[in-house]
There are 2 protein chains.
Amino acid sequence: MDIRDRIGWNLRRLRKERNFTQEEFATDSGFDRGYISGIERGVRNPSILVLARIAKALDVDVIELLDPVKAQQFAKSARGQPY
Amino acid sequence: MDIRDRIGWNLRRLRKERNFTQEEFATDSGFDRGYISGIERGVRNPSILVLARIAKALDVDVIELLDPVKAQQFAKSARGQPY
DNA sequence: GTGTGACTCCTAGTCCGTC
DNA sequence: TGACGGACTAGGAGTCACA
């Protein structure tokens with residue numbers, strides 16, 4: 001699994017756990033909604049400082065965003081689901 | 001501890017464990033030696049794909065580069081030491 | 001609510017060198 | 001052996017309109 005996908009799935013997972021829309025989270029974290037969308041889909045290549053800001057907005061450590069197991073599980077559970 | 005310092009100390013720790021010079025590691029991983037130096041010193045802001053390439057060259061998972069405990073310990077043990 | 005393409009601006013990352 | 005500088009090019013940061 002590509003590292004960008006790991007981050008993308010984990011971000012989507014953590015955001016949904018908090019019942020935020022992309023738009024709400026974008027406002028909260030100070031990013032553009034389209035940029036957040038791109039990270040969740042794994043098409044962006046964010047820098048480590050961007051990840052740190054995102055992690056802070058989610059109130060987790062950066063490592064949580066890179067968790068391969070949780071990313072995999074969430075990706076699997078999300079198959080065929082609407083966004 | 002800044003996220004860039006965590007990465008810097010962990011990179012230096014893992015590189016030294018393998019008895020590589022910055023130059024050797026730069027050649028191995030395909031990066032510029034000055035760039036590797038900058039990451040170790042925490043003055044650079046690498047993207048996640050860069051970290052993935054570095055992790056691969058070290059044969060560890062990216063998470064290892066972000067380990068806060070090991071970074072702290074190594075930073076402490078390295079106080080006053082020459083590079 | 002979200003995906004997506006196109007865009008500008010600025011920094012990441014390279015290559016050379018010196019200390 | 002590693003820190004640090006300047007000049008350069010590739011690519012990330014950040015925004016928007018439209019689907």
Side-chain angles (χ1 to χ4, degrees), chain A residues 2-58 62 65-66 71 74-75 77-83, chain B residues 2-58 62 65-66 71 74-75 77-83:
Chain A
D2 189 279
I3 186 72
R4 287 171 299 178
D5 292 322
R6 270 161 68 174
I7 292 168
W9 285 116
N10 278 318
L11 170 53
R12 184 161 287 177
R13 173 176 66 82
L14 292 161
R15 174 176 64 78
K16 289 204 163 272
E17 280 176 11
R18 286 154 180 73
N19 290 308
F20 283 142
T21 65
Q22 284 184 352
E23 186 137 27
E24 286 167 341
F25 181 69
T27 306
D28 256 39
S29 55
F31 288 104
D32 183 75
R33 184 183 62 72
Y35 189 48
I36 296 295
S37 170
I39 293 176
E40 288 194 0
R41 285 175 291 126
V43 299
R44 291 285 191 155
N45 177 23
S47 74
I48 194 63
L49 287 179
V50 166
L51 293 184
R53 278 172 62 191
I54 289 176
K56 186 164 188 178
L58 290 166
V62 182
L65 287 171
L66 296 171
F74 187 71
S77 76
R79 271 197 237 286
Q81 297 290 323
Y83 304 114
Chain B
D2 189 280
I3 185 71
R4 287 170 299 178
D5 292 323
R6 270 161 68 174
I7 292 166
W9 285 115
N10 276 319
L11 170 53
R12 183 161 287 177
R13 174 177 65 83
L14 291 162
R15 174 176 64 79
K16 288 205 163 270
E17 280 176 13
R18 288 155 180 72
N19 290 308
F20 283 139
T21 65
Q22 285 183 349
E23 185 135 27
E24 285 168 343
F25 181 70
T27 305
D28 256 38
S29 55
F31 287 105
D32 184 71
R33 60 191 161 75
Y35 188 49
I36 295 295
S37 170
I39 293 176
E40 289 194 0
R41 284 176 289 128
V43 299
R44 290 289 190 156
N45 176 25
S47 74
I48 194 61
L49 286 179
V50 166
L51 293 185
R53 277 173 64 190
I54 289 176
K56 185 163 188 178
L58 290 165
V62 181
L65 286 172
L66 296 171
F74 187 72
S77 77
R79 272 196 235 287
Q81 297 291 322
Y83 303 112

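Side-chain atoms are counted along with the backbone in the values below, which use heavy atoms only and exclude waters and symmetry mates. Per chain, numbering begins at 1; letters A, B, ... match sequence-line order.
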Exercise. B:R12 side chain: which of D:dG14, C:dT2, D:dA3 is closest?
Worked result: D:dA3
What is the distance, rounded to the nearest whole Å, between atom [atom1] of [X] and atom [atom2] of [N]?
{"X": "B:L49", "N": "C:dT11", "atom1": "CG", "atom2": "P", "result": "20 Å"}
{"X": "B:R33", "N": "C:dT18", "atom1": "CZ", "atom2": "C1'", "result": "10 Å"}
{"X": "A:F20", "N": "C:dT2", "atom1": "CZ", "atom2": "P", "result": "12 Å"}
{"X": "A:Y35", "N": "C:dG3", "atom1": "OH", "atom2": "P", "result": "15 Å"}
{"X": "B:F25", "N": "D:dA3", "atom1": "CZ", "atom2": "C1'", "result": "18 Å"}
{"X": "B:W9", "N": "D:dG2", "atom1": "CH2", "atom2": "C1'", "result": "13 Å"}
{"X": "B:I48", "N": "D:dA13", "atom1": "CD1", "atom2": "C1'", "result": "16 Å"}
{"X": "B:I36", "N": "C:dC15", "atom1": "CD1", "atom2": "C1'", "result": "15 Å"}

Problem set entry | Expected output: side-chain A:R41 to main-chain A:S37 donor-acceptor under 3.5 Å | yes
Problem set entry | Pairwise side chain to side chain donor-acceptor pair (under 3.5 Å) hits with a residue in residues 17-28 of chain A, at least two apart | A:R13-A:E17, A:Q22-A:E40
Can you tell me if [X] touches the phosphate of [N], counting only side-chain N or O atoms and a distance under 4.0 Å to OP1 or OP2?
{"X": "B:S37", "N": "D:dA3", "result": "yes"}
{"X": "A:R41", "N": "C:dG5", "result": "no"}
{"X": "A:S47", "N": "C:dA12", "result": "no"}

Using the side-chain hydrogen bond (donor to acceptor under 3.5 Å, both in side chains) criterion, which residues pair with [X]? Sequence neighbours excluded.
{"X": "A:R44", "answer": "none"}
{"X": "A:D2", "answer": "A:R4"}
{"X": "A:N45", "answer": "B:S47"}

Could you write out each protein N or O paired with an N or O of nucleotides 5-11 of chain D at a distance under 3.5 Å?
none

Exercise. How would DNA chain D look in dot-bracket form, 5' to 3', counting Watson-Crick and G-U wobble pairs with both distances under 3.5 Å and writing | for bases paired to another strand?
Worked result: .||||||||||||||||||
For this session: Applying ring-ring contact (aromatic ring centres under 6.0 Å, His included), name anything that partners A:F25, two or more places apart in sequence or on another chain.
Result: none
For this session: Not counting sequence neighbours, which residues clear ring-ring contact (aromatic ring centres under 6.0 Å, His included) with A:F31? List them please.
Result: A:Y35
Which part of the nucleic acid, if any, lies within reach of [X] when heavy atoms closer than 4.0 Å are counted: base, sugar-phosphate only, or nothing?
{"X": "B:R53", "result": "nothing"}
{"X": "A:V43", "result": "nothing"}
{"X": "B:T21", "result": "sugar-phosphate"}
{"X": "A:G30", "result": "nothing"}

Problem set entry | Intermediate values then yes/no, side chain to side chain contact (heavy atoms under 4.5 Å, CB included), B:N10 and B:L66 | CA-CA 7 Å; B:N10 276 319; B:L66 296 171; 5.6 Å; no
Contacts under 3.5 angstrom, residues 49-58 of chain B side chains, donor-acceptor by atom type, not counting sequence neighbours:
from, atom 1, to, atom 2, distance (Å)
B:R53, NH2, B:S29, O, 3.4
B:R53, NH2, B:G30, O, 3.3

Problem set entry | From CG (A:L11) to CZ (A:F74), nearest 0.5 Å | 10.0 Å
